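Chain naming here is simple, since letters A, B, ... match the order of the sequence lines and numbering starts at 1 in each. All values below come from the heavy atoms of this structure, side chains included, with hydrogens, waters and symmetry mates left out. Predicted, not measured: the structure shown is a model, and the values here were computed from it.
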Number of protein chains: 2
Amino acid sequence: MTDTARALSFLTIDVDAVVANWRRLAALIAPAEAAAVVKADCYGLGVEHIAPALAAAGCNSFFVATVDEGIQLRHLVPGAVIYVLGGPLPGSEPDFAAHRLVPVLNSLAQITGWSSFAKVGSAAPAAALHLDTGMNRLGLEEKELERLVAKPDVLTSIRPILAMSHLACADDAESPKNAEQLALFRRLSAMLPAMPLSLSASGGMFLGRSYRFDMARPGAALYGLNPIPDQPNPMSQVVRLQGKILQVRDVDSPMTVGYGASHRIARRGRIATVATGYADGWFRSLGKRGFGFIEGIKVPVVGRISMDLTTFDVSEIPETLARPGALVELIGPHQSADDVALAAGTIGYEVLTALGRRHHRRWLLGARGGVAE
Amino acid sequence: MTDTARALSFLTIDVDAVVANWRRLAALIAPAEAAAVVKADCYGLGVEHIAPALAAAGCNSFFVATVDEGIQLRHLVPGAVIYVLGGPLPGSEPDFAAHRLVPVLNSLAQITGWSSFAKVGSAAPAAALHLDTGMNRLGLEEKELERLVAKPDVLTSIRPILAMSHLACADDAESPKNAEQLALFRRLSAMLPAMPLSLSASGGMFLGRSYRFDMARPGAALYGLNPIPDQPNPMSQVVRLQGKILQVRDVDSPMTVGYGASHRIARRGRIATVATGYADGWFRSLGKRGFGFIEGIKVPVVGRISMDLTTFDVSEIPETLARPGALVELIGPHQSADDVALAAGTIGYEVLTALGRRHHRRWLLGARGGVAE
C-alpha cells in the first residue's frame, strides 16, 4: 500500500489560495508594500512550499521569529529581505550577517550589540527598529528611544531601513487602543530620521488607510483566518483536514463513550471512531463541543478526545457514507479553522500551529505544477 | 554561533528516567509482562531515542497507533513484538506482514480481512483481539464476540496471541466503572480459547493485582505523568522545558500587556519576554494562568500567550537572574507536565504531545553514552 493509501488523516494546504490572499491584501494596501509573516513554519503550514510561491508572486519582504527560521528561509527565497522579529541575542550577530538577515532590534541592548558588530565588519546588513506602542512585549519604550536619538552615531551605525510597531487589539475595530497606538507610533517615529514605517499585521490592514504606512505584515489572513472577526471572512480558505473512520459501532442500549465515561448515549444510533486525536492537534478541548462533517452533514463529537482517536455521533448519516475508510472533514469548506477555534476555546492561529506531524500533508500548487506531498 | 547557542528554548528528555520508570513498573507487576506504549512518537518525546533504550532494558512488546508508526518502530527495535492499535484498514494487511506488525483487530470486519489474508499467504503474523468493555471507541462488542467464537476456523486462522481491553476511568480508583469493566473483561475473555490477556495501561497497573493479567501497557507513566493523580507521583520526571529571555522591561507607570490589552499592571515592576509561545505547544490557555520558574522562584504569566512569546512578571527576581539570555523553566523540577496541564485546563498527555518542533531537543542517555541532540 502506498503512503497515501495507508494514511489515516490528510492535511491539504492550498498554496494557490495563500498566494491569492497575498495578492488581494497587496492590492488593498497599494502603494504600501505587503510583506508576508512566515514564522512558525508559516503557522504550521509549510514554509518550504509557501514562501517560494509568495516570492514568485512578487512578495519581497518576509518576517520570521527566530534566526533558525531565517536561515532556513534564506535558502528558500535567496533574493528577499528577511526580518527576524526576535532580534539578536548577544553573540548571534554574525549569524545574521552570514545569512543576510535583518534583525528587528527590540531594546537598547540589542541596538548596542548590533552597532558594535556593524562598526567592526563591513558586511553587517541593515536593521529594523521596533517601537513599543502598547504591547509591552518587545520593542523600545519612549524613554529608550529618547536615549537612542540622543546618539546619532549609534543610530547611523545600525543602518535602520524600517521602523515598526505592533497593534494589541487590531481584531477589534471598536477598541480605543488602536487609535492610541496609532497616535503613539506617529509621535515616536517622528523622533527618528525619515525611514519606511510599518504598524499593521492582518487585522490592522482593515482598520483604514491611516494604519497602513509604507508596509503591512499580514500573516493570519494569508492562511485564511478572518482578519475582521465581526464581519464575513474576505480571505480564501487554505486548510483542509480530514480524518479516516476506523470503525462504526451500533448503539442499541444505553452506554457511555470514551474516557471518564462522561458521555452517556440513551437512544439507538451509531458511533464512528476516527483516527485523529489531540496528538494530531485536534484539541482535547473539542471533546463534546467539536464537530465534523461527512458529505456536508454535521456530526457532533461524543465523549472525550483521545490521543489518537475521536468518536462522532453518525446516527443521522447513511451507513454507506459513514463506513470504515470514509473521511470526516475536521477543517474545510463546512468548518473553518476559526470555527474549530471557537469550539475549542482558542483562536484560529493556535488551531493552525498545533496541526500535528502524523497527517499526510499535501500542498496544492496548481499555478506551479500540481501537488507536492 | 552553534545551533545550541542560538537556540531560544530547550527540551530535555531524560531517557534514563524513562527506562527507570519502565523497570519500576515491570517490577511492580511481575510476573506479568510490562509492554511499552510508544505511539505518537512516544507522546512527542522521540521514539528513535526511547524505544531502543527500552528494548535494551528488556522490554519486548511495544504498542503504536498506526501502521506508519509500526514501520518506523520496526527499524528501531528489530526483534520486538510490535502491536498496532488501530488495526488494518482494508488493503493494508500486506504492510503488517512485510514489517512483522501484529494488528490489534477491533471489529469483525478487521477480523474477516485478516483471516482472509492469513489464509492466502503463509507469512501473516499473529494478531491481537480487542474486546470492548466500555470505552465504545474501538473493539469487539459482546454480540460480535459471540459471532466470532461461533466460527472456530476464523478464530484459528487469525492466530490470536493476546486479548486486550482498555479502561475508561483507570485514573480514578474510586470509579465503579473499573470493577464493571474488569468483570466484563473476565466474562468476555472466558469465551475465547486460553491466551494471554491484557487490560491495564498506566492507571490500571495501580488498581491492584486483579487488573494486571498477563501484560500491562504503560505509556503515560513511562514519560513521568502521574498514574495515580490523587496521590504523590511515584514516577521519575522525564521532561524539562526551558525558554530564553529575550528582553526585560521596567514598568514604572500603569500599562497593559499583550494582545487584547487585557492585563493591566498597576504597580512598578519588571516584565520578561520569553521566546516560547503557543506555536511551541505552550498553550494559549496558559495566558494569565500559567507559571514559570527562575532559579526556583515562581514567576506568573502576565497577559496572553503569543505565538512565539510569553511575558512573565519578574518583579520579584533579582535583575542578575532575570536578564536577556537567561532561561525560564516551563516544565521541570518545580513544575511537572501535570502541573502545567492543570493550569492549562487539560491533561499531562496533551502537554507532552503538543511540544513543538522549534525547541532544541536533547536526550539524556547517561547509561548509553551521554547526550543526543
In terms of side-chain geometry, is the basic nitrogen of [X] or [Y] positioned less than 4.0 Å from the acidic oxygen of its partner?
X	Y	result
A:Arg249	B:Glu141	yes
A:Arg268	A:Asp250	no
A:Asp68	B:Arg358	no

Measure [X] against the heavy atoms of chain B and call it side chain, backbone, both or neither at under 4.5 Å.
X	result
A:Ala354	neither
A:Leu309	side chain
A:Ile245	backbone
A:Thr311	side chain

Measure distances from [X] to the heavy atoms of chain A and classify the residue's part below 4.5 Å as side chain, backbone, both or neither.
X	result
B:Ile71	side chain
B:Leu108	neither
B:Ala40	both
B:Ala275	neither
B:Glu93	neither
B:Leu8	side chain
B:Pro88	neither
B:Asp252	side chain
B:Arg137	both
B:Arg357	side chain

**OP:** Verify the ring-centre separation between A:Tyr259 and B:His166: is it less than 6.0 angstrom?
**Re:** yes
Hey, which of [options] has the most heavy atom pairs under 4.5 Å with chain B?
options	value
A:Leu85, A:Val251, A:Asp308	A:Asp308
A:Ile271, A:Asp41, A:Asn106	A:Asn106
A:Ser306, A:Ala272, A:Gly356	A:Ser306
A:Ser92, A:Ser107, A:Pro90, A:Gly258	A:Gly258
A:Gln110, A:Glu144, A:Arg304, A:Lys143	A:Lys143

Original post:
Among B:Ile305, B:Asn136, B:Val67, B:Thr256, which residue forms the greatest number of heavy-atom pairs with chain A at distances under 4.5 Å?
Top reply: B:Asn136
**OP:** May I ask you to name which of B:Asp132, B:Thr346, B:Asp95 has the most heavy-atom pairs under 4.5 Å with chain A?
**Re:** B:Asp95
**OP:** Specify whether B:Tyr349 and A:Tyr278 have parallel, tilted or perpendicular ring planes, treating 30° as the upper limit for parallel and 60° as the lower limit for perpendicular.
**Re:** perpendicular
Decide yes or no for [X] and [Y]: does some side-chain heavy atom of the first lie under 4.5 Å from some side-chain heavy atom of the second?
X	Y	answer
B:His130	B:Leu140	no
B:Val301	B:Arg289	no
B:Leu73	B:Val47	yes

**OP:** Only counting residues at least two apart or in another chain, list the ones meeting side chain to side chain contact (heavy atoms under 4.5 Å, CB included) with A:Leu184.
**Re:** A:Thr133, A:Glu142, A:Arg187, A:Leu188
Original post:
ring pair (Phe, Tyr, Trp, His ring centres under 6.0 Å) with A:Phe283: which residues, sequence neighbours excluded?
Top reply: none
**OP:** Report the residues that fulfil ring pair (Phe, Tyr, Trp, His ring centres under 6.0 Å) with A:Phe312, sequence neighbours left out, ordered by chain and then residue number.
**Re:** none
Considering all heavy atoms of both residues, which atom of [X] and which atom of [Y] are nearest to each other, and what is their separation?
X	Y	result
A:Ala341	A:Gly348	CB-N, 3.3 Å
A:Arg270	A:Asp313	O-OD1, 3.5 Å
A:Arg284	B:Ile347	NE-CD1, 3.3 Å

Subject >> Positions in residues 168-176 of chain A that reach chain B, provided some heavy atom is under 4.5 Å away >> reply: A:Ala168, A:Cys169
Subject >> A:Gln247 side-chain N/O to B:Gly139 backbone N/O, donor-acceptor pair under 3.5 Å >> reply: yes
**OP:** Starting from the C-alpha separation in whole Å, work towards a yes-or-no answer on side-chain hydrogen bond (donor to acceptor under 3.5 Å, both in side chains) for A:Thr276 and A:Lys244.
**Re:** CA-CA 8 Å; A:Thr276 303; A:Lys244 211 174 257 184; over 6 Å; no
